[in-house]
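Report on the following structure.
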Amino acid sequence: MIRGALRGETLTVYGEGAFARDYIFVDDVVKAFLVAGARADLLSGNYYLIGSGTETRFVDAVNLVADRVLLMKGYRPSVAHVAPPEAQLAIEERDFVANTGRFRKATGWTPLVSLVEGIDQTADYYLAESTEFHETRR
């Protein structure tokens, strides 16, 4: 989605996009795995959910991507609401927010990168690393 937004492509939201999701930056997930590996003796035999623990409606995340691209590139990609495909499963519209309390309590881990920071870091990566963006880099 971020790469498409940087290209100026229309971002698509199925229906109203009101379902909630839990977005977490990959660096925070990696740190959680490293902490889990270091504390394997304590954590073994249990399951834990890893996430930010923060609820964000999908439509808000899409609009946030568009807003951040506006700040970076000077244009805001459009956001289109379309009917969901017939084959879409009901689970795709359910809310999900991870309850990371058990893992946090057991390890002291906490995610450090906010959704805005994660979007910006991902966009910066694409702008720096992809040749398609070199001529338009901020």
Side-chain angles (χ1 to χ4, degrees):
M1 181 187 313
I2 295 169
R3 184 183 303 167
L6 290 168
R7 290 180 183 140
E9 297 172 6
T10 299
L11 304 178
T12 302
V13 176
Y14 292 142
E16 295 301 312
F19 47 90
R21 292 292 186 263
D22 184 336
Y23 298 96
I24 185 166
F25 194 62
V26 66
D27 289 357
D28 285 329
V29 174
V30 169
K31 289 175 185 169
F33 274 95
L34 292 172
V35 167
R39 307 289 307 267
D41 56 327
L42 174 69
L43 302 176
S44 183
N46 297 304
Y47 71 91
Y48 300 90
L49 297 177
I50 301 300
S52 68
T54 301
E55 176 180 319
T56 304
R57 291 183 328 142
F58 181 75
V59 67
D60 294 336
V62 172
N63 280 300
L64 186 57
V65 168
D67 291 343
R68 301 312 292 175
V69 169
L70 173 62
L71 291 173
M72 294 178 163
K73 303 276 287 178
Y75 61 82
R76 188 180 194 279
S78 61
V79 176
H81 290 260
V82 301
E86 287 186 32
Q88 181 170 310
L89 301 174
I91 195 169
E92 294 181 54
E93 293 186 17
R94 292 185 187 158
D95 296 337
F96 176 78
V97 180
N99 180 347
T100 61
R102 287 181 54 222
F103 189 76
R104 290 180 190 216
K105 185 177 179 182
T107 65
W109 170 89
T110 189
L112 301 176
V113 181
S114 71
L115 180 55
V116 169
E117 292 168 329
I119 291 168
D120 288 352
Q121 286 183 38
T122 302
D124 284 343
Y125 170 81
Y126 285 131
L127 292 171
E129 298 299 324
S130 179
T131 57
E132 72 181 296
F133 300 115
H134 280 205
E135 62 279 353
T136 59
R137 188 164 184 232
R138 65 176 174 162

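Note that the numbering runs from 1 along the sequence shown for the chain. This structure is a prediction, so every number in the text was calculated from the model and none was measured.
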Strictly by salt bridge (charged side-chain N to carboxylate O under 4.0 Å, His left out), give each pair with a member in [range] just once, sequence neighbours left out.
{"range": "residues 6-31", "value": "R7-E9, R7-E132"}
{"range": "residues 37-54", "value": "none"}
{"range": "residues 46-60", "value": "R57-D60"}

For A66 and V79, the nearest pair of non-hydrogen atoms, with its separation, is CB-CG2, 4.3 Å
Closest non-hydrogen atoms of V69 and P77, given as atom of the first, atom of the second and distance, are CG1-CD, 3.8 Å
Could you give the distance from [atom1] ([X]) to [atom2] ([Y]), rounded to the nearest 0.5 Å?
{"X": "D124", "Y": "Q121", "atom1": "CG", "atom2": "CD", "answer": "7.5 Å"}
{"X": "L43", "Y": "T107", "atom1": "CG", "atom2": "OG1", "answer": "6.5 Å"}
{"X": "I119", "Y": "L115", "atom1": "CD1", "atom2": "CG", "answer": "4.0 Å"}

Hits for side-chain hydrogen bond (donor to acceptor under 3.5 Å, both in side chains) against T54, two or more places apart or cross-chain, chain-then-number order -> none
Treating S52 as the side-chain partner and Y23 as the backbone partner, does any N or O pair qualify as donor plus acceptor under 3.5 Å? yes
* Asked: Where the side chain of R102 meets the backbone of L49, is there a donor-acceptor pair that is under 3.5 Å apart?
  -> no
> Do E117 and F25 have side chains that get closer than 4.5 Å, going by heavy atoms?
Replying inline: no
Contacts satisfying ring-ring contact (aromatic ring centres under 6.0 Å, His included) that involve residues 66-102 (not counting sequence neighbours) are none
Under a single-linkage definition using a 4.5 Å side-chain heavy-atom cutoff for Ile, Leu, Val, Met, Phe, Trp and Tyr, are [X] and [Y] assigned to the same hydrophobic cluster?
{"X": "M72", "Y": "L70", "value": "no"}
{"X": "M1", "Y": "Y125", "value": "yes"}
{"X": "V113", "Y": "I2", "value": "no"}

Residue set satisfying salt bridge (Lys or Arg N to Asp or Glu O under 4.0 Å) with R76, at least two apart, ordered chain then number -> D67
Applying salt bridge (Lys or Arg N to Asp or Glu O under 4.0 Å) to R104 and not counting sequence neighbours gives none
Tracing side-chain contacts under 4.5 Å among Ile, Leu, Val, Met, Phe, Trp and Tyr outward from V82 reaches Y14
Hits for ring-ring contact (aromatic ring centres under 6.0 Å, His included) against F58, two or more places apart or cross-chain, chain-then-number order -> F19
Sequence neighbours excluded, the answer for ring-ring contact (aromatic ring centres under 6.0 Å, His included) partners of Y48 is F103
For V116, the side chain to side chain contact (heavy atoms under 4.5 Å, CB included) test, sequence neighbours excluded, returns L64, R68, S114, D120
